[in-house]
2 protein chains.
Amino acid sequence: MAIPRWLNEAEMNAWLGFITTTPDLMNAIERDLGVFGLDAGDYQLLAMLSEAQDHQLKMCDLADTLRLSRSGLTRRMDGVVKAKYVERIQDKDDRRASFAHLTAKGYEFLKKVAPLHLKDVRSRMIDLLNESEIQALGSAFAKINAHLRTTG
Amino acid sequence: MAIPRWLNEAEMNAWLGFITTTPDLMNAIERDLGVFGLDAGDYQLLAMLSEAQDHQLKMCDLADTLRLSRSGLTRRMDGVVKAKYVERIQDKDDRRASFAHLTAKGYEFLKKVAPLHLKDVRSRMIDLLNESEIQALGSAFAKINAHLRTTG
DNA sequence: TCCAAATAGTTGCGCACGCAACTACTTAGG
DNA sequence: CCTAAGTAGTTGCGTGCGCAACTATTTGGA
């Protein structure tokens, strides 16, 4: 096991910037959403459903896209179901399964919140960056993600 | 409140890549560290102390750099103190304050683990990227961080 | 000098999460 | 068929975290 090369200055900036700034950025965006009584997890859940066919997704698929465990999704659903933003619907074909379905109330709510959330994402990240940085972030995370898919 | 511009394709790639890949990447690196009985928080704590003057930092400064609340740091300290990697030292000048001090055992342990952690960071992120992507990540997070410092 | 305000650290509490175990149902192989 | 293995979702439990409240100490005016 050879000692790997240490990080040079640019690599260190990239790595340290990433791990120190990411939590701060996420917390800031989470606080922005808090005004509407939502946290980032709730928002992501509603956003995923709004983009899905018929505004609904199988629970297991939703859990995967949200990077949540099955139990984590069950509990998170409890919150948005209680708020009447989402309802659970039994799958007619597979009685084990159920769908998370965005209600009309949930959709109206999301249509109100989404532009404000987008504004926060722009002001806190996207609009601060030039075109080549945007491009580089996209390709960098695509590469990292692809590597994670092959190695676990 | 005008509706802000929606994200174009490159912006969407950057944003979605960031929010979906980051948790997966962090989880993977966390699993890598788990082999040594450490989680990412413990590692960061030891790493910060190893780079500090006299291998020690005031608790409140350490909490800030680790992005932890005071109570969060208190609890995290409990773990590494029990493992004898860190010890609490009373500040002689300010009897409210105390230092977290990396023990010899903790330093030896970190010297063993750091190269392996670095190898994981390289293979999961840094070595996947070309020079301009590294550069862009560094400058992008520096800009985001600077903006967070001014706006909160 | 003295007391109010600020600061360092800890503790009680609640929340979100993952893991493991469980129930209920579906699917595959004999 | 019928049973074993697999899959969907929920629940119990433990963990790590932040917030608020608390103690102890320091600091900054009147």
Side-chain angles (χ1 to χ4, degrees), chain A residues 19-20 22-24 26-34 37-46 49 56-83 86-101 152, chain B residues 19-20 22-24 26-34 37-46 49 56-83 86-101 152:
Chain A
I19 61 168
T20 63
T22 295
D24 290 344
M26 289 316 203
N27 286 341
I29 289 177
E30 187 114 6
R31 276 201 313 279
D32 294 336
L33 283 170
L38 279 185
D39 63 20
D42 288 340
Y43 183 87
Q44 288 298 321
L45 193 160
L46 299 184
L49 293 182
Q56 62 180 23
L57 282 172
K58 277 254 193 56
M59 288 285 284
C60 55
D61 297 332
L62 184 55
D64 289 344
T65 60
L66 293 176
R67 268 71 182 175
L68 277 180
S69 68
R70 306 297 169 81
S71 60
L73 178 57
T74 293
R75 255 77 89 134
R76 187 159 284 283
M77 282 287 289
D78 293 343
V80 289
V81 166
K82 177 172 280 184
V86 179
E87 55 192 347
R88 293 173 210 258
I89 297 185
Q90 276 293 321
D91 185 338
K92 296 290 185 290
D93 300 330
D94 185 342
R95 296 172 55 190
R96 294 169 305 181
S98 51
F99 292 93
H101 176 256
Chain B
I19 61 168
T20 62
T22 296
D24 290 345
M26 289 316 203
N27 286 341
I29 289 177
E30 187 114 6
R31 276 202 313 281
D32 295 337
L33 282 170
L38 280 185
D39 62 21
D42 288 341
Y43 183 87
Q44 288 298 321
L45 193 159
L46 300 183
L49 292 182
Q56 62 180 27
L57 282 173
K58 277 253 193 57
M59 288 285 284
C60 56
D61 297 333
L62 184 54
D64 290 343
T65 60
L66 293 177
R67 269 69 181 174
L68 276 181
S69 68
R70 306 297 168 82
S71 60
L73 178 57
T74 293
R75 259 69 164 249
R76 187 160 284 283
M77 283 286 291
D78 293 344
V80 289
V81 166
K82 177 172 278 185
V86 179
E87 55 192 348
R88 293 175 210 259
I89 296 185
Q90 277 292 322
D91 185 339
K92 296 289 186 290
D93 301 328
D94 184 342
R95 295 170 56 189
R96 295 168 303 180
S98 52
F99 292 94
H101 177 256

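Lettering of chains follows the sequences in order, A, B, ..., and the numbering in each one begins at 1. What you see is a predicted model; the values in this text were computed from it and never measured.
For residues 64-74 of chain B, the salt bridge (charged side-chain N to carboxylate O under 4.0 Å, His left out) pairs, not counting sequence neighbours, are D24(A)-R67(B).
The distance between atom CZ of R67(A) and atom C1' of dA16(C), rounded to the nearest whole Å, is 18 Å. Between the CG atom of D42(B) and the P atom of dT15(D) there is a distance of 14 Å, rounded to whole Å. Atom P of nucleotide dT7(C) and atom CG of D64(B) are separated by 12 Å, given to the nearest angstrom. Between the CD atom of E30(B) and the P atom of dG18(C) there is a distance of 12 Å, rounded to whole Å. The CG-P distance, from L66(A) to dG18(C), rounds to 11 Å in whole Å. If you measure from atom CG of L62(B) to atom P of dT7(C), you get 19 Å, rounded to the nearest angstrom. One can place CG of N27(B) at 12 Å from P of dC17(C), the figure rounded to the nearest angstrom. Taking atom CG of residue L68(B) and atom C1' of nucleotide dC19(D), one finds them 14 Å apart after rounding to whole Å.
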Could you write nucleotides 4-12 of chain D as a row of B, S and -, 5' to 3', where a protein heavy atom under 4.0 Å of any base atom gives B, of only sugar-phosphate atoms gives S, and otherwise -? --BBSSBBB
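Looking only at side-chain heavy atoms (C-beta outward), M59(B) and M77(B) come within less than 4.5 Å of each other. Residues L62(A) and L49(A) form a side-chain contact, since some pair of their non-hydrogen atoms from C-beta on lies under 4.5 Å apart. The shortest distance between side-chain heavy atoms of L73(A) and L45(A) falls below 4.5 Å. Between Q44(A) and I19(B), the closest side-chain pair of non-hydrogen atoms falls below 4.5 Å.
The side chain of D39(B) lies closest to dG16(D) when the candidates are dT26(C), dG16(D), dA16(C).
Using a 4.0 Å cut-off between a side-chain N of Lys or Arg and a carboxylate O of Asp or Glu, R31(B) and D39(B) do not qualify as a salt bridge.
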